[in-house]
Q: 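Got a structure for you, questions after.
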Amino acid sequence: MRQIWRIARREVKAYYDHPTAYILVIAFLLVALYVAFRTLYGSGAASLRTVFLLLPWMFAIFIPAMTMRAFAEERRSGTLEWLAAQPITELELLLGKYLGNLLFALTTLIGTLPTAIGLMIASEADPGIFVAQYLGGLLLAMQMTAIGIWASSATKNQVTAFILGLAVSWSLVFAGENLLLTNLPPAVANFVGGISILGHFESVARGVIDFRDALYFITTAVLFLAFAYAVLARERLSPVRGAVRRLRAVLAVIVVAVVVVNFLSTGLRQRLDLTSKRLYTLADASEQVLRGLEKPVTIKLFVSQALPPEVQRTVRDVRDLLGDLRSASRGKVRIEELKPDGDKEAEGQAVSYGLRPLQFSILRGDEFQVKRGWFGIVVLYDDRRQSLPVVQRTEDLEYRLVSTIAGLSSPKRSRITFLTGFGARTPFSYNLWHEALQNRYTVGSIFADTGSTPVIARDSVDVLVVAGPRRQVDSSVVRKIKAYVDAGGPALLLIDETDVGVSGVAEPVKTGLESMVAERGIKLLPGIVFDLKSNERTMLGARDGRPYAAPFPLWPRVIRAADHPITAGLSTLTLGWPGAIEIADTTAVRPLWTTTEVGGRYPANGVPVQPEHPFYPDTGHLGRQTVAAAVPGKPNGPGRLVVVSDADFVEDQFAKSNPQNGVFATNAIDWLLQDERLIAIRSKDRSPPPLVFDTPLKRDLLKWGNIFGVPILVGLIGAFRVIKRRRSGNRRWSGRVD
């Protein structure tokens with residue numbers, strides 16, 4: 001081990017004494033940091049995921065350029081024979097050079113650490129995700145350094161070594177590209193995708209170290225190191241005595257072992273979830289629901305073999321989740337996987353369950369062909385069933401499956417009733433939210449308009465939803481709503497004090513509900529809330545016809561005001577032209593969401609409020625603006641209330657751009673029902689937190705301090721070390737001359 005470390009130190013020192021190494025590091029950092037901050041400030045999200053998804057492509061160029069001299073230069077200069085004559089083995093020499101090159105490769109990742117630290121200081125970024133990403137970067141560097149060392153050992157020409165290492169590394173990366181995989185037969189595409197780097201690095205970039213992915217990087221690193229050892233050892237072995245033949249046999253065994261180990265590992269589901277909130281681990285509430293089942297549940301996964309490569313990666317995540325559910329249920333959940341492609345019976349079942357096939361295009365020859373594939377789930381409990389016709393995402397799949405199981409196994413489904421009329425939204429105004437509610441509840445509506453007094457009975461309405469009346473609600477209807485709440489009925493009130501019509505002009509609205517919520521300690525204020533620091537970006541058309549993204553303060557991204565079950569696990573909410581509320585009863589009413597300290601209210605008296613119109617806020621009265629609050633119920637008294645000063649935020653436009661919107665709305669329903677079991681599951685927020693700054697100076701300091709400051713610092717260190725080394729060499733040389 002001492003010899004290995006000595007050689008590694010020699011390698012690292014040789015890099016740090018050569019200006020080319022610093023040029024490589026600076027070039028790498030300039031590209032990585034430019035991509036990082038372009039994505040960070042463009043999206044407003046504190047995440048380095050884009051950089052780490054680009055890392056395989058960058059390492060595929062950087063590491064072969066770095067390692068090309070490891071053995072090739074030793075061969076060219078004749079020092080390899082000298083090293084072989086020293087009291088060290090080929091294995092020690094190989095591992096020493098490998099370790100030294102690996103340590104130098106990791107210095108490039110160290111150069112991005114100031115960015116990660118800055119993000120954690122400026123936002124609520126999850127440090128566990130950064131740890132997983134850097135561990136993934138280590139695994140990737142281990143693999144590609146091994147490839148580079150092998151390429152350098154195979155030739156005495158550095159350029160040839162670089163081209164060979166680049167070709168192998170680039171091929172392993174490009175093998176995961178859809179452009180290639182869509183041109184291959186399904187079976188071949190699955191195999192090629194399995195040996196590609198991209199397919200194994202994606203989960204690492206999101207904050208999870210999967211055992212299968214780690215095994216892939218480690219075993220392939222061992223494989224290429226074995227290739228390099230075979231090249232070095234072959235030079236001193238005699239082919240006459242069969243030593244070379246035995247070496248080839250051992251190498252063949254290693255190759256077979258690597259293939260078999262990776263093949264057998266596909267059935268494993270062990271993963272290291274480093275996220276602070278355990279986002280990729282089953283929630284405790286999920287286990288409670290599954291273990292409380294009285295009868296077994298059958299989950300049928302209908303999946304085709306010939307699915308696009310990007311869907312195949314989702315299939316692996318779905319299979320892992322289903323396996324976790326089966327394990328957590330202690331045998332109460334049964335998993336069946338059916339392939340409807342060539343099985344008429346399975347296809348008939350899929351159709352009878354209401355599943356629909358995916359339509360996707362693949363390139364065959366010179367033309368695109370439309371293919372059909374199945375990827376849906378059916379949950380069966382007793383004589384009831386619920387279908388997920390097409391699995392398109394896995395971010396909220398745990399909640400959707402567990403809530404479906406809870407709904408099917410529950411003897412009674414709660415009734416969510418929308419009060420419509422007076423221009424209020426119906427359930428169908430919120431397609432995504434409506435779909436989420438239907439999985440667990442019975443969703444209906446009661447129509448009320450002038451002259452029509454609805455019956456809102458406590459025994460037939462479990463939660464009442466009033467969503468954005470655009471006209472004043474008749475006083476008789478208001479009395480009925482109040483009577484329902486006073487009788488202990490919970491209600492979700494989404495109240496717009498401003499109506500932004502099709503023309504984009506804001507007009508004030510009096511809904512008639514103001515006095516009712518005022519009795520519970522909440523006052524609705526006029527105007528539209530804006531936030532100059534944390535807001536949504538919207539696309540605008542430039543003068544040359546090219547669109548660009550610009551901040552829109554009237555669509556604020558509000559932050560949590562306090563810890564509450566409804567907002568557990570959530571970080572931001574995106575609102576559209578919201579109003580403000582003032583909490584009069586601070587002892588009972590809990591604020592849920594507020595703006596940052598640079599929020600304010602914009603007048604809504606016939607002014608245009610679309611993104612393309614000028615925005616002139618009053619910056620003299622800035623401060624935090626509350627936009628949502630929760631009112632607890634009382635025993636034998638009024639029911640729970642959740643009041644949000646915006647009815648637009650759950651519309652598909654906003655719910656798609658920020659999935660936390662729908663999560664919050666559904667959490668509110670569960671809290672109103674006093675059923676908080678599934679909130680912990682639904683609130684697994686995997687989206688990165690917003691990146692906001694107190695001052696433009698801090699924003700610029702983080703950006704330019706990293707993009708230019710870190711590379712300049714590396715350059716200064718390199719210049720100092722190289723100049724110092726040359727001066728030292730000149731002094732020694734001068735002494736010899738004298």
Q: Determine whether the side chains of E398 and S286 contain a donor N or O and an acceptor N or O closer than 3.5 Å.
A: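 Present: a donor and an acceptor within the cut-off.
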Q: Report yes if some heavy atom in the side chain of E651 is under 4.5 Å from a heavy atom in the side chain of Y430; otherwise report no.
A: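 Yes, at least one pair of side-chain atoms sits under 4.5 Å.
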Q: Can you tell if the side chain of P688 reaches within under 4.5 Å of the side chain of R49, non-hydrogen atoms only?
A: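 Not in contact.
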Q: Closest approach of Q625 and A580, non-hydrogen atoms and distance?
A: OE1-CB, 3.9 Å
Q: Testing D652, N661, I669, V443 for side chain to side chain contact (heavy atoms under 4.5 Å, CB included) with W433, which one passes?
A: I669
Q: Going by an N to O cut-off under 4.0 Å, is there a salt bridge joining D648 and R425?
A: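 A salt bridge is present here (some side-chain N lies under 4.0 Å from a carboxylate O).
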Q: Could you tell me if the side chain of Q472 sits less than 4.5 Å from the side chain of F422, heavy atoms only?
A: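 Contact flag for F422/Q472 side chains = no.
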Q: Is a side-chain donor or acceptor of K295 paired with a backbone partner of Y381 at a separation under 3.5 angstrom?
A: no
Q: Side chain of D585, backbone of R520: donor and acceptor closer than 3.5 Å?
A: no
Q: Does a sphere of radius 6.0 Å around CD in Q438 hold more than 12 heavy atoms from other residues, nucleotides or ligands, not counting ones at 6.0 Å or beyond?
A: yes
Q: If the condition is side-chain contact (heavy atoms from CB on, under 4.5 Å), which residues does E507 pass it with, not counting sequence neighbours?
A: V505
Q: Check P632 against A630 and note the closest heavy-atom contact, atom names and distance.
A: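 Scanning both residues, the minimum pair turns out to be CD-O, 3.9 Å.
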Q: Could you tell me if the side chain of Y441 sits less than 4.5 Å from the side chain of V463, heavy atoms only?
A: no
Q: If you count heavy atoms of other groups shown closer than 6.0 angstrom to CZ of R330, is the number above 12?
A: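 Atom CZ in R330 is not packed in, count stays at 12 or less.
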Q: Once side-chain contact (heavy atoms from CB on, under 4.5 Å) is applied, do any residues pair with K634, and if so which ones, sequence neighbours excluded?
A: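 K634 satisfies side-chain contact (heavy atoms from CB on, under 4.5 Å) with P638 once adjacent residues are dropped.
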Q: With side chain to side chain contact (heavy atoms under 4.5 Å, CB included) as the test, would you mind laying out the steps for F375 and V390 before giving the verdict?
A: CA-CA 6 Å; F375 190 23; V390 178; 5.5 Å; no
Q: Would F664 and L592 count as a side chain to side chain contact (heavy atoms under 4.5 Å, CB included) if you check the C-alpha gap in whole Å, the side-chain angles of each, and the deciding distance to 0.1 Å?
A: CA-CA 10 Å; F664 164 71; L592 299 176; 4.0 Å; yes
Q: Can you list everything that forms a ring-ring contact (aromatic ring centres under 6.0 Å, His included) with Y353? Sequence neighbours excluded, please.
A: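 So Y353 forms no ring-ring contact (aromatic ring centres under 6.0 Å, His included) with any residue.
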Q: Can you label the angle between the W577 ring and the W555 ring as parallel, tilted or perpendicular, going by 30° and 60°?
A: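 Because their plane-to-plane angle is over 60°, the rings of W577 and W555 count as perpendicular.
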Q: To the nearest 0.5 Å, what is the distance between CZ on R458 and CG on L464?
A: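 It comes to 10.5 Å.
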Q: Tell me if a side-chain donor or acceptor on T417 pairs with a main-chain N or O of S445 at a distance below 3.5 Å.
A: no
Q: Any idea which heavy atoms bring I566 and A668 closest together, and the distance?
A: CG2-N, 3.8 Å
Q: Could you go through the side chain to side chain contact (heavy atoms under 4.5 Å, CB included) check for D670 and R440 one step at a time?
A: CA-CA 10 Å; D670 281 345; R440 249 196 103 198; 3.1 Å; yes
Q: Check I522, V529, V644 against I581 for a side chain to side chain contact (heavy atoms under 4.5 Å, CB included) and give me the one that passes.
A: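 So the option named by the test is I522.
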Q: May I ask you to test the L325-V402 pair for a side-chain heavy-atom distance under 4.5 Å?
A: yes
Q: How far apart are the C-alpha atoms of L513 and L524, what are their side-chain angles, what is the distance that settles it, and do they pass the side chain to side chain contact (heavy atoms under 4.5 Å, CB included) test?
A: CA-CA 9 Å; L513 300 172; L524 300 172; 5.7 Å; no
Q: Are the side chains of L575 and W593 in touch, meaning some heavy atoms are under 4.5 Å apart?
A: no
Q: Hey, does L493 have a side-chain heavy atom less than 4.5 Å from the side chain of M516?
A: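 They are in side-chain contact.
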Q: Taking S304 for its side chain and W374 for its backbone only, find out whether a donor-acceptor pair lies under 3.5 Å.
A: yes
Q: So, taking the atom named CG in L321 and the one named CD1 in I299, what distance separates them when rounded to the nearest 0.5 Å?
A: 8.0 Å
Q: Does R291 reach the main-chain N or O of A328 with its side chain, forming a donor-acceptor pair under 3.5 Å?
A: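 Yes; judged by distance alone, with no hydrogens or angles, the pair exists.
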Q: Under 3.5 Å, is there a donor-acceptor pair between the side chain of R271 and the main chain of T281?
A: no
Q: Counting only N and O atoms by type, is there a donor-acceptor contact under 3.5 Å from the side chain of S645 to the main-chain atoms of G579?
A: yes
Q: Indicate yes or no: at least one non-hydrogen side-chain atom of T567 is less than 4.5 angstrom from one of N667.
A: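 Side chain of T567 against side chain of N667, heavy atoms only: no contact under 4.5 Å found.
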Q: Is it the case that the side chain of D273 and the backbone of Y280 share a donor-acceptor pair, with hydrogens and angles ignored and the cut-off at 3.5 Å?
A: yes
Q: Okay, side chain of R601, backbone of I528: is any donor-acceptor separation there less than 3.5 Å?
A: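 Side chain of R601 to backbone of I528: no pair is present.
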Q: Inspect the contact between E337 and K300 and indicate whether a charged nitrogen and a carboxylate oxygen are less than 4.0 angstrom apart.
A: no
Q: Using a 3.5 Å distance criterion without hydrogens, assess whether the side chain of D126 forms a donor-acceptor pair with backbone atoms of T275.
A: no
Q: Can you give me the closest heavy-atom contact between V509 and T498, atom names plus distance?
A: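 Taking every non-hydrogen atom into account, CG2-C, 4.2 Å.
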Q: Which pair of non-hydrogen atoms, one from L691 and one from A46, has the smallest distance, and what is that distance?
A: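 Heavy atoms only, the tightest pair is CB-N, 4.1 Å.
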Q: Give a yes or no on whether E597 atom CD has more than 12 heavy-atom contacts from other residues, nucleotides or ligands under 6.0 Å away.
A: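 Check passes, neighbour count above 12.
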Q: Considering all heavy atoms of both residues, which atom of D646 and which atom of P578 are nearest to each other, and what is their separation?
A: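 Closest heavy-atom pair between D646 and P578: CB-CB, 3.9 Å.
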